[in-house]
Amino acid sequence: MAELTVIVLLVVVFSTTTFAVRSVSISKCCNADEMLVPDQSDFKCVKNVSSSWHLRIFVLKNQTFTTFSTLPAHWKIVHNNKPNCVGLRRLSYEALFNFPVSNGSFLSVEYNTIFHPNQYCLDYTSALVCMHPEHITRVTVKKCCGENAIFSQTNQSCVLFNSESYKIDVGPNKTLVAGFPRCKENKHQPVARYHESELFSNGSLLANGKMLLPPGNFCLEHIFEHSALSPSVISCSEYVLPYVSQSETHDFRFTIYPIGLALSAVFLAATLAAGSLLPASHHVLHWRCQTNHVVCLLVGDVLLCITHLSGRIEYGPCFAIGESILENF
Ligand SMILES: *[C@@H]1O[C@H](CO)[C@@H](O)[C@H](O)[C@H]1NC(C)=O
Ligand SMILES: *[C@@H]1O[C@H](CO)[C@@H](O)[C@H](O)[C@H]1NC(C)=O
Ligand SMILES: *[C@@H]1O[C@H](CO)[C@@H](O)[C@H](O)[C@H]1NC(C)=O
Ligand SMILES: *[C@@H]1O[C@H](CO)[C@@H](O)[C@H](O)[C@H]1NC(C)=O
Ligand SMILES: *[C@@H]1O[C@H](CO)[C@@H](O)[C@H](O)[C@H]1NC(C)=O
Ligand SMILES: *[C@@H]1O[C@H](CO)[C@@H](O)[C@H](O)[C@H]1NC(C)=O
């Protein structure tokens with residue numbers, strides 16, 4: 001999904017690019033036999049003779065990502081050379097939100113910025129960039145699909161959608177960056193409406209008055225399937241589950257409901273069985289009405305019971321079950 005997202009965003013950046021293969025000087029942050037690794041809040045070079053290039057570069061010529069095991073021939077590599085600036089920030093290549101472009105620039109979809117060859121250095125798994133001061137000092141809030149796109153829940157991907165009414169207001173002293181929270185199963189779901197949540201000055205968000213999500217664990221986005229113009233808070237089940245199961249286990253009604261519904265279903269079934277044993281009454285209008293009524297109640301009860309017992313249900317089945325319950329009652 002991340003790749004699809006990035007391609008959607010790139011269409012906007014590179015759609016009018018003309019190019020020529022020109023020799024360009026690229027810095028590698030550490031020596032060839034060293035690797036750039038995170039070190040607490042900073043970074044350092046460590047010896048690692050087994051490290052090798054496995055770099056995904058956006059190739060302007062055919063507009064796709066290609067994996068390079070040796071760097072492009074027109075790149076002249078200068079080893080152990082970091083850009084000379086304050087505010088050097090390490091960006092990981094993970095999920096393709098930050099990557100080099102074949103003409104020698106480095107694109108961060110995450111920060112919506114293009115870095116020129118003298119503003120960054122590459123390494124095997126991450127790059128160092130001269131970050132704009134605004135991005136360092138200000139609190140960042142993630143807009144899942146970046147500028148010019150919104151989220152499609154059924155497709156689990158971003159779709160291009162450029163409209164002024166789909167802007168998101170996060171208040172003063174905060175900057176919007178692109179990206180999703182990292183989910184274990186790579187499945188993202190809306191967990192609350194933004195206008196019903198509170199965004200703190202430190203970038204944390206209190207969703208629905210009970211779920212406190214730290215800055216990295218959510219992103220804001222409009223949902224293609226929701227016609228309302230209010231953005232949603234998108235997160236992963238592992239970050240919101242603690243809050244959901246907590247409130248459910250504290251309420252004993254959720255244990256009583258399925259039991260009652262199951263009992264009710266058993267006796268409705270018994271009623272049907274008893275009715276079918278009296279063939280003499282089968283042609284009576286009253287009997288037919290009663291049978292239809294009981295069948296509807298039975299199906300409705302069984303479906304309600306299923307929703308109570310299964311806890312979390314996927315979007316598709318959930319919609320089908322909800323619609324059937326409505327039809328049956
Ligand atoms: C690479 O292409 C991008 C998009 O056209 C452009 O903004 C950037 O300046 C180019 N980089 C170089 C080093 O020419
Ligand atoms: C050295 O690099 C290899 C390949 O990139 C990696 O699997 C390994 O963990 C690295 N070792 C150290 C000590 O960082
Ligand atoms: C794009 O170009 C690169 C080299 O320039 C090549 O290795 C790759 O196969 C090409 N990809 C496609 C889809 O044509
Ligand atoms: C979802 O994917 C299907 C099939 O790829 C496509 O036809 C449809 O237009 C997509 N929906 C959205 C909202 O992008
Ligand atoms: C934003 O930052 C400015 C300068 O640091 C400060 O004066 C102002 O109170 C801040 N606004 C909010 C809403 O925090
Ligand atoms: C952010 O601020 C809120 C409200 O002031 C607080 O509850 C929360 O612990 C803070 N989060 C972090 C990560 O500092």
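As the structure is a prediction and not an experimental result, all values here were calculated from the model. Read the numbers this way: they start at 1 and go in the same order the structure lists the ligands and their atoms.
Per-residue contacts place Ser105 under 4.0 angstrom from the following atoms of ligand 1 (heavy atoms of the residue considered): 1 (C), 8 (C), 10 (C), 11 (N), 12 (C), 13 (C). Residue Ile114 has at least one heavy-atom neighbour below 4.0 Å for each of these atoms of ligand 1: 7 (O). For ligand 2, the atoms lying closer than 4.0 Å to a non-hydrogen atom of Asn48 are 1 (C), 2 (O), 3 (C), 8 (C), 10 (C), 11 (N), 12 (C), 14 (O). Under a 4.0 Å criterion applied to the non-hydrogen atoms of Asn103, ligand 1 contributes the atoms 1 (C), 2 (O), 3 (C), 8 (C), 10 (C), 11 (N), 12 (C), 13 (C), 14 (O). Proximity to Ser50 (heavy-atom distance under 4.0 Å) selects the following atoms of ligand 2: 1 (C), 2 (O), 3 (C). Against a heavy-atom cut-off of under 4.0 Å, His116 is close to the following atoms of ligand 1: 9 (O).
A distance-only check finds a donor-acceptor pair linking the side chain of Asp123 to the backbone of Leu36 [under 3.5 Å]. Side chain of Tyr124 to backbone of Trp53: no donor-acceptor contact under 3.5 angstrom is found.
Ser50 and Asn48 share a side-chain donor-acceptor pair at under 3.5 Å. Side-chain atoms of Ser157 and Asn155 form no donor-acceptor pair, as typed in the model, at a separation below 3.5 Å. Thr154 and Glu225 share a side-chain donor-acceptor pair at under 3.5 Å.
Side-chain contact between Cys219 and Pro181 is present, with heavy atoms from C-beta onward closer than 4.5 Å. Looking at heavy atoms from C-beta onward, Leu268 lies out of side-chain contact with Leu272 at the 4.5 angstrom threshold. Two residues are said to be in side-chain contact when any heavy atoms from C-beta on lie closer than 4.5 Å; Ser25 and Val78 meet this criterion.
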For each nitrogen or oxygen atom of ligand 4, which protein N/O atoms lie closer than 3.5 Å, and how far apart are they, rounded to 0.1 Å?
from, atom 1, to, atom 2, distance (Å)
ligand 4, 2 (O), Asn155, OD1, 3.4
ligand 4, 2 (O), Asn155, ND2, 2.3
ligand 4, 11 (N), Asn155, ND2, 3.0

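By the salt bridge (Lys or Arg N to Asp or Glu O under 4.0 Å) test, Arg138 pairs with Glu134, sequence neighbours left out.
Residue-level proximity to ligand 1 for Val24 is absent, since no heavy atom of it falls below 4.0 angstrom.
Listed here is the closest heavy atom pair of Phe115 and Met131: CZ-SD, 4.3 Å.
For a threshold of 3.5 Å applied to N or O pairs, the pair formed by Ser52 and ligand 2 contains no separation below that value. Of the polar atoms of Arg22, none of the N or O atoms is found under 3.5 Å from an N or O of ligand 1, judged by distance alone.
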